[in-house]
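First the proteins, then the strands, lettered A, B, ... as listed; each starts at 1. Bear in mind the structure is a predicted one, so any value in this text is a computation, not a measurement.
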Amino acid sequence: MASQRDVKQRITSVQNIEKITRAMQMVAAARLRRAEQRIAALRPYAGAIRRMTRQAAAAAENVPSLPILNEHESVETVGILLVTGDRGLAGAFNSQILRAGLQTAAEHEAEGRNVVFFASGRRGVSTLRFRNREPKAEWVGFTDRPSYANARDIAAGLMTAYVDGEVDLVEVFYNGYISPLTQEVRRETLLPLQQATILDADPAAEEGEEREHARSLVEYEPDPEEILHRLVPDYVEISIFRALLESTASEHGARMTAMRNASDNAAELIDDLTLEMNRARQADITQEIMEVVAGAESIS
Amino acid sequence: MARSKFQVEVLTPEGEVFNDEVEMLSTRTVAGSIGVLAHHQPLLAMLDPTELRLYRSESEVVRFAQGEGYLQVADNRALVLVEEAHAPEELDVADLEQRLSQAEETLKGAEKDSEAQRVAQRDKRRWEAFLRIARG
């Protein structure tokens, strides 16, 4: 049986761990709230871009053919973007993305296609490197709080690779945020961009009045086709930004849950250890009494 | 005499940064500088990085360093959609200089007429514009 002092030391160390995990849980909860607000903040912007695109497309009569809208004739090389976090201790958050990405890569390779990886987040980069899958490009250091500029950099890297013919298809894997307790792995095709995604009317915003505006008297600077040339790539940036924001919210949610479990386990462990310590103390006392009694008996 | 006012909303992917009535809005489209007063005709324009000025009155001006974006005017309201909008005092000159030199570096190494070259050019123009604002 462990001595009282040993058990006491273990209790202290578990208590310290519990303090840390509780603190991490609290930090994650605060950051999660902020991350949720940022997802909500993106919505009006994305909606306005969509309305503007429809207006410009209606005025231009059609969407001009842009390189990122064109499907490549045959798909020989697939680009896979993995959106992970910079840090661990967040349950299955990073590993489920990596597992899904590597599995898809294996499927593509089984069908004779090449795969190149792109990674956002240190965890993804280090695991890919460990698996001998050197990422073609990596973006790290911002997953706690991604900015639009980060999304723009990633989008530029991917679109460049697509337009310059280095990849023929780009897929993205990220943790979609459902609730603090639930995140799901989402797989989306980023490039080529589907015309349908752009012009798909979002039913709430579809108003007849908007169409009127498009044709009557609106001054365009420059002409609508050229505006579309810039609006369309914005969709890729927005999709990536949304993926980054959802991934960040998921990361904080996953970490909060993981840390709550760790704290609960620590509390349970402390209870068990306290019981064990009491038992040890009891045993010590019993032992002492027995020694005293035995000593007294031997004298009398 | 005070001019009549109109509603201006400035939206970025990170949320709304301005929503108020102003007398005049001044920014820069790809074709050149533009000032918008109340009752402007409907407009859809593409914006270049520059200093966005919102005149609440002649003396009270709100300034932002704006990234690329769009300006939509309809029904006497203006909507400014930009990728980023920072208060000029938030800009960090050292950081911008580093980004600019990085963009110039990329530009030098980029192949002619490649997408990479266009991206680097865009970056370079934006950081140059922001630097001008940061330095006043």
Side-chain angles (χ1 to χ4, degrees), chain A residues 37-49 51-53 55-56 59 67-68 145-149 151-153 155-166 209-210 212-214 216-224 226-231 233-234 237-238 240-242 244-245, chain B residues 9-17 19 27-34 36 40-48 67-75 77-86 95-96 99 102-103 106 110-123 126-127 130:
Chain A
Q37 285 165 1
R38 299 185 75 212
I39 295 178
L42 172 63
R43 237 165 256 146
Y45 181 84
I49 289 280
R51 279 195 297 280
M52 223 172 249
T53 310
Q55 181 186 338
I68 57 165
R145 200 185 148 71
S147 73
Y148 192 76
R152 186 172 56 210
D153 288 346
L158 296 176
M159 286 192 278
T160 304
Y162 185 79
V163 174
D164 292 343
E166 291 167 34
E209 166 212 9
E210 228 172 276
E212 289 295 302
H213 272 300
S216 64
L217 295 168
V218 178
E219 186 187 337
Y220 288 91
E221 196 175 306
D223 48 41
E226 271 182 68
I227 295 184
L228 283 172
H229 270 270
R230 203 201 266 172
L231 269 167
D234 279 355
E237 292 179 359
I238 291 173
I240 291 175
F241 190 49
R242 178 174 297 133
L244 291 181
L245 291 181
Chain B
E9 193 178 350
V10 181
L11 266 182
T12 73
E14 321 234 0
E16 186 182 281
V17 295
N19 192 353
T27 180
R28 180 185 188 82
T29 73
V30 287
S33 294
I34 183 175
V36 176
H40 194 280
Q41 93 174 91
L43 168 75
L44 185 59
M46 214 152 92
L47 303 177
D48 268 352
E68 290 91 343
Y70 311 91
L71 166 67
Q72 185 181 40
V73 184
D75 303 326
R77 296 170 62 89
L79 174 62
V80 181
L81 278 181
V82 283
E83 291 185 355
E84 43 193 324
H86 310 281
D95 180 51
L96 288 170
R99 283 164 190 261
Q102 202 183 334
T106 321
E111 256 174 75
K112 222 176 162 222
D113 283 330
S114 68
E115 189 65 19
Q117 187 194 28
R118 273 189 287 276
V119 170
Q121 246 155 9
R122 250 179 92 171
D123 281 347
R126 176 171 51 243
W127 305 133
F130 280 17

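Neither the backbone nor the side chain of B:Q117 comes within contact range of chain A; no heavy atom of the residue lies under 4.5 Å from a heavy atom of that chain. Neither the backbone nor the side chain of A:Q37 comes within contact range of chain B, judged by heavy atoms closer than 4.5 Å. Contact of B:V10 with chain A is not made at all, since no heavy-atom distance falls under 4.5 Å. For A:I49, the parts sitting under 4.5 Å from any heavy atom of chain B are the backbone and the side chain alike.
Ranked by heavy-atom pairs shorter than 4.5 Å toward chain A, the options B:D123, B:L47, B:L71 are led by B:L47. Contact count against chain A (heavy-atom pairs under 4.5 Å) is highest for B:L43 among B:L79, B:V73, B:L43. Interface summary for chain A: among B:G69, B:A45, B:P13, B:A31, the most heavy-atom pairs under 4.5 angstrom belong to B:P13.
Rounded to the nearest 0.5 Å, atoms CG (B:L81) and CE (A:M52) are 4.0 Å apart. How far CG of A:D223 is from CG of B:L44: 11.0 Å, rounded to the nearest 0.5 Å.
Partners of A:R43 according to the side-chain contact (heavy atoms from CB on, under 4.5 Å) rule, which considers only residues two or more places apart in sequence or in another chain, are A:I39.
A 4.5 Å side-chain heavy-atom check between B:Q72 and A:R51 finds every atom pair outside the cut-off.
Formation of a donor-acceptor pair under 3.5 Å by the B:E14 side chain with backbone atoms of A:Y148 is found in this model.
The two residues A:D234 and B:Y70 make their nearest non-hydrogen contact at OD2-OH, 2.6 Å.
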Report, one line per pair, each donor and acceptor closer than 3.5 Å where one atom sits in a side chain of residues 158-165 of chain A; sequence neighbours left out.
unit_1: A:T160; atom_1: OG1; unit_2: A:A156; atom_2: O; d: 2.5
unit_1: A:Y162; atom_1: OH; unit_2: A:N70; atom_2: O; d: 2.5
unit_1: A:D164; atom_1: OD1; unit_2: B:E115; atom_2: N; d: 3.3

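More than 12 heavy atoms of other residues, nucleotides or ligands lie within 6.0 Å of CZ in A:R38, so this atom counts as buried by the packing criterion.
A salt bridge links A:R152 with B:E83: at least one charged nitrogen is closer than 4.0 Å to a carboxylate oxygen.
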Apply side-chain contact (heavy atoms from CB on, under 4.5 Å) to B:V30 and A:E226, showing your working.
CA-CA 10 Å; B:V30 287; A:E226 271 182 68; over 6 Å; no

